[in-house]
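This report concerns only the one structure given below.
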Amino acid sequence: MARKKVNLAWIANDSTRRATFKKRKKGLMKKVSELATLCNVKACMIIYGPQEQQPEVWPSAQEAARLLERFKNMPEMEKCRKMMDQEGFLRQRAAKLQEQLRRQERDNRELEVSLLMHQAVAGRSLYDVNIEDATSLAWMVDAKLKSVQDRINQQTTQLALRSAAEASATAQVTAKNPMEMAMDSLQRQNWLLDAMHPSENVIFGGGGGEEIMPISCVEHNSSWLDLYFPL
């Protein structure tokens with residue numbers, strides 16, 4: 001089950017705040033330990049709790065001091081590149097909320113103009129519409145018309161390409177070269193002779209692996225051959 005979103009605000013109740021601090025501190029320490037182990041990075045954690053004389057340090061005070069010294073010796077540009085304090089965090093959060101507010105206002109404005117357009121199509125008079133709403137309505141109508149025209153052009157292009165592909169396929173099927181036509185005619189003649197005399201194959205060779213010389217139609221005296229192949 002998804003965890004309920006927590007409201008990031010100071011907890012006024014003392015007992016609830018202490019319980020939340022203890023729970024979150026333990027979870028944060030676990031996450032830092034997992035990050036250092038899984039990714040093989042150097043990390044430390046220092047937490048000053050309320051009403052505590054000494055801070056809680058992970059993994060140890062000596063290791064934390066060594067890492068902080070290494071951090072201090074870094075160049076200023078590299079050290080401050082991803083650093084963020086409480087003020088920076090709040091500024092970043094406020095900027096994100098302002099961007100969300102602007103997007104929501106833009107969406108609401110588009111819905112209002114869309115509703116006005118539907119009312120105008122239904123027969124509402126636009127004489128009482130102010131200049132800002134009229135301008136937005138004109139912009140939306142132009143955008144809708146452009147979208148419809150683009151859709152029509154896309155469908156027309158697809159139909160033209162499909163028709164061209166079908167015509168090309170039909171042309172490839174119907175158009176045969178002379179060699180293919182000659183082979184088809186030869187196969188039809190051979191089939192006709194085999195159908196009339198299945199035991200004889202006097203034109204295109206014999207069976208049993210023996211080669212039989214072709215017999216000229218002029219030398220053949222069969223009347224049925226004259227019927228189909230008159231000289």
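Note that the coordinates shown come from a computational prediction; the quantities given were computed from them, not determined experimentally. Atoms considered below: every heavy atom in the structure, side chains included; atoms not considered: hydrogens, waters and symmetry mates.
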Please name all residues satisfying side-chain hydrogen bond (donor to acceptor under 3.5 Å, both in side chains) with [X], sequence neighbours left out, ordered by chain then number.
X: Q100; answer: none
X: Q119; answer: R124
X: N153; answer: Q149

pair L111-L115: side-chain heavy atoms closer than 4.5 Å: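 Result no, sub-4.5 Å side-chain heavy-atom pair not found.
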
Just wondering, do K26 and K30 contact through their side chains at under 4.5 Å, heavy atoms?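 No. Closest side-chain heavy atoms not under 4.5 Å.
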
More than 12 heavy atoms of other residues, nucleotides or ligands under 6.0 Å from NZ of K144: is that the case?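 No - once you tally the heavy atoms of other residues, nucleotides and ligands closer than 6.0 Å, there are 12 at most.
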
Atom CZ of residue position R103 - does it have more than 12 heavy atoms of other residues, nucleotides or ligands inside 6.0 Å?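 Counting other residues, nucleotides and ligands, CZ of R103 exceeds 12 neighbours.
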
Where is the tightest heavy-atom contact between A43 and P59, given as atom of each residue plus distance?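 Here A43 and P59 meet closest at O-CD, 3.8 Å.
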
Would you call [X] and [Y] a salt bridge, taking side-chain N to carboxylate O under 4.0 Å as the test?
X: E87; Y: R91; answer: yes
X: E99; Y: R102; answer: yes
X: R66; Y: E69; answer: no

Members sharing [X]'s hydrophobic cluster (side chains within less than 4.5 Å):
X: V57; result: I46, Y48, L68
X: L116; result: V113, M117, L126, V129, L137, W139, M140, V141, L145
X: M29; result: F21, L28, V32, M45, I47, W58

Between the side chains of N108 and Q104, does any donor sit under 3.5 Å from an acceptor?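 Yes - a donor-acceptor pair under 3.5 Å links their side chains.
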
